[in-house]
Chemist: 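First the structure, then my questions, so here it is.
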2 protein chains.
Amino acid sequence: MENSATSTPPVPSTSDRILDAAEDIFAEKGYSATSLGDVADRVGIRSPSLYNHFKNKEALYEAVLERLLEDFSAPLVELEGGPLTSERVFRWLETIVRQHHGNPNLARLLQHAALSGGPHTNELIDRLFRPMFESGADKIVGEGITLIENTGLQPWAVMAFNNLVMSYVTMAPMYRDLLGQDPFSEEALENQLKLIKTLLRAVFEYKGDTPL
Amino acid sequence: MENSATSTPPVPSTSDRILDAAEDIFAEKGYSATSLGDVADRVGIRSPSLYNHFKNKEALYEAVLERLLEDFSAPLVELEGGPLTSERVFRWLETIVRQHHGNPNLARLLQHAALSGGPHTNELIDRLFRPMFESGADKIVGEGITLIENTGLQPWAVMAFNNLVMSYVTMAPMYRDLLGQDPFSEEALENQLKLIKTLLRAVFEYKGDTPL
DNA sequence: TTAGGAGGCGCGATTATTCACATTGCCCCT
DNA sequence: AGGGGCAATGTGAATAATCGCGCCTCCTAA
């Protein structure tokens with residue numbers, strides 16, 4: 001029902017255009033503040049017509065989430081498996097930064113969910129972050145890579161770096177205001193990448209001897 | 001009009017109770033998704049009675065913002081002036097962490113504003129962050145304190161550390177889910193403080209020689 | 001000819017806001 | 001002491017806008 005069996009490479013179907021519009025508006029306003037009228041307006045149809053493609057508002061929201069989660073998980077599974085060198089950690093972080101830079105909507109949706117709840121919030125959190133703790137970053141201990149392991153704060157550190165990446169996106173207007181630069185320009189991406197890498201390298205090289 | 005002439009130490013005025021309720025709900029749902037009925041319900045009055053204390057929804061929102069900004073700016077002005085030692089930077093960060101931990105609502109409100117706009121968003125950003133760039137962290141260059149200054153990323157670094165602190169609060173449900181710990185417990189506060197300090201110390205000690 | 005998809009209409013709920021009104025406590029005048 | 005006025009603060013009813021959503025009709029492409 002959502003995807004016709006025919007190939008649809010050039011012209012996006014109405015369902016996809018609804019998904020695109022809904023994704024943007026859900027990400028901006030959150031679930032409850034989003035009106036289906038706004039979504040329909042952006043697509044160029046009337047709001048009752050949405051019900052020809054999605055059962056109701058919540059189903060539309062679910063479809064938006066599903067598509068986003070698929071898009072984001074794809075490039076990360078490639079990085080799973082193999083030895084956990086520090087270079088792998090850098091590539092993993094850089095991939096995440098580039099993904100959120102390319103499409104900020106997932107971070108925004110997750111931030112809305114964390115603030116206000118809404119349907120499927122816990123499921124969203126689980127599907128986005130459990131993999132990080134099970135198959136990837138959790139195993140970083142060993143062969144010299146510690147990520148502040150000696151302080152017993154490792155999962156906290158992983159979440160901190162993720163928050164760093166996502167808050168850059170959810171706080172983009174702030175960066176625009178205070179730094180006077182388009183936060184989604186190529187130049188800003190490079191700056192953000194440089195900062196994250198510098199921080200990560202500082203943490204890797206740091207030996208927490210001096211207790212302040 | 002807001003404060004009766006009598007001393008009001010023990011019993012909060014209705015206006016204050018409205019402000020308390022509105023602050024919580026605005027912080028949770030954002031401006032547009034907040035209904036005055038919900039606010040009135042929490043106070044224990046009917047929504048038309050709100051208009052005896054505030055002109056309209058936007059004025060109530062402004063009052064909430066004003067009170068929050070005052071509460072947060074007070075402890076920080078004490079840290080202004082004087083030599084910019086690294087110890088001062090640590091105290092400044094620790095103060096901010098403790099403030100947001102004690103009342104997460106400002107961070108949540110700011111996050112909603114950054115995501116969805118709403119009234120006075122730009123003014124909010126300015127009043128919260130301009131001081132950091134003018135009187136405090138911007139002058140950190142000198143006397144050995146560099147904060148990754150050699151990479152030309154100093155303002156970015158300042159905002160990154162702030163995002164780190166605020167996203168901990170706006171993402172609190174995530175921490176609760178994934179770490180199985182109340183993110184606002186004393187124990188969690190200590191963990192968060194330790195992590196932030198460790199990161200900051202790593203950055204201070206780091207000399208960006210090796211280019212990855 | 002037939003079925004999918006778009007539009008029109010409208011119901012019921014919720015929202016911010018206004019208004020007329022009741023109640024209360026306080027000041028001041030007698 | 002008593003009472004008239006008055007400001008402050010509460011209420012229910014009413015209004016206009018908006019929302020999600022269901023029903024039904026019409027158009028059009030295969």
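Numbers restart at 1 for each chain; the letters A, B, ... are given by sequence-line order, proteins then strands. Computed from a prediction, not measured in an experiment: that's the story for all the values here. Note that these values count all heavy atoms, side chains included, but never hydrogens, waters or copies made by symmetry.
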Chemist: Under a 4.0 Å N-O cut-off, is there an ion pair linking A:Arg108 with A:Glu28?
Modeler: no
Chemist: Within the pair B:Ser49 and D:dT9, is there a side-chain N or O less than 4.0 Å away from OP1 or OP2?
Modeler: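 B:Ser49 to D:dT9 OP1/OP2: no side-chain N or O under 4.0 Å.
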Chemist: Atom OH of A:Tyr61 to atom P of D:dG20: distance rounded to whole Å?
Modeler: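 It works out to 15 Å between those atoms.
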Chemist: Using whole Å, what does the distance between atom P of nucleotide D:dG10 and atom CZ of B:Phe54 come to?
Modeler: 11 Å
Chemist: Establish, with yes or no, whether the OP1 or OP2 oxygen of D:dC19 is under 4.0 angstrom from a side-chain nitrogen or oxygen of A:Ser35.
Modeler: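 Yes, A:Ser35 has a side-chain N/O under 4.0 Å of OP1/OP2 on D:dC19.
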Chemist: What do you reckon, is CD of A:Glu186 surrounded by more than 12 foreign heavy atoms closer than 6.0 Å?
Modeler: no
Chemist: Tell me whether the centres of the aromatic rings in B:His101 and B:Phe184 are closer together than 6.0 Å.
Modeler: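 Centroid distance B:His101-B:Phe184: below 6.0 Å, so yes.
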Chemist: Report the distance from atom CD1 of B:Ile45 to atom P of C:dT23, rounded to the nearest whole Å.
Modeler: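 It works out to 19 Å between those atoms.
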Chemist: Show the distances under 3.5 angstrom between N or O atoms of the protein and N or O atoms of nucleotides 17-21 of chain C.
Modeler:
{"from": "C:dT17", "atom 1": "OP2", "to": "B:Tyr51", "atom 2": "OH", "distance (Å)": "2.7"}
{"from": "C:dT17", "atom 1": "OP2", "to": "B:Lys57", "atom 2": "N", "distance (Å)": "3.1"}
{"from": "C:dT17", "atom 1": "O5'", "to": "B:Tyr51", "atom 2": "OH", "distance (Å)": "3.2"}

Chemist: Mind calculating the distance between CG (A:Asp16) and P (C:dG5) to the nearest angstrom?
Modeler: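 Taking atom P of C:dG5 as the reference, CG of A:Asp16 is at 13 Å.
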Chemist: Does a side chain donor of either B:Tyr61 or B:Asn56 reach within less than 3.5 Å of an acceptor in the other side chain?
Modeler: no
Chemist: With respect to the phosphate group of D:dG10, does any side-chain polar atom (N or O) of B:His53 fall under 4.0 Å of OP1 or OP2?
Modeler: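 For D:dG10, OP1 or OP2 has a side-chain N or O of B:His53 closer than 4.0 Å.
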Chemist: Can you measure B:Leu60 atom CG to C:dT15 atom P for me and round it to whole angstrom units?
Modeler: 15 Å
Chemist: Salt bridge or not for A:Lys194 and A:Glu190, using N-O below 4.0 Å?
Modeler: no
Chemist: Tell me, please, which residues at least two apart from B:Phe161 pass ring-ring contact (aromatic ring centres under 6.0 Å, His included).
Modeler: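 Counting only residues at least two positions away or on another chain, B:Phe161 forms no ring-ring contact (aromatic ring centres under 6.0 Å, His included).
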Chemist: Without decimals, in angstroms, what is the distance between B:Leu50 CG and D:dG12 P?
Modeler: 13 Å
Chemist: Can you find a donor-acceptor pair, distance only, under 3.5 Å between B:Asn52 side chain and D:dA8 base?
Modeler: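 Side chain to base: no pair below 3.5 Å.
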Chemist: So does B:Glu62 pair up with B:Lys57, basic N to acidic O under 4.0 Å?
Modeler: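 No salt bridge links B:Glu62 with B:Lys57.
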Chemist: Picking from C:dG8, D:dG20, D:dT11, which would you name as closest to the side chain of B:Arg46?
Modeler: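 Side chain of B:Arg46 sits closest to D:dT11.
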Chemist: Assess whether a salt bridge exists between B:Asp20 and B:Arg42, defined as any Lys/Arg side-chain N lying under 4.0 Å from an Asp/Glu carboxylate O.
Modeler: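 Salt bridge: no.
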Chemist: Just to be sure I understand the geometry, which residues of residues 18-33 of chain A put a non-hydrogen atom under 4.0 Å away from DNA chain D?
Modeler: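 Going residue by residue through residues 18-33 of chain A, none turns out to have a heavy atom under 4.0 Å of DNA chain D.
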Chemist: Using modelled atom types and a 3.5 Å cut-off, is there a donor and acceptor pairing between side-chain atoms of B:His100 and backbone atoms of B:Val169?
Modeler: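 Here the side-chain-to-backbone pair does not exist.
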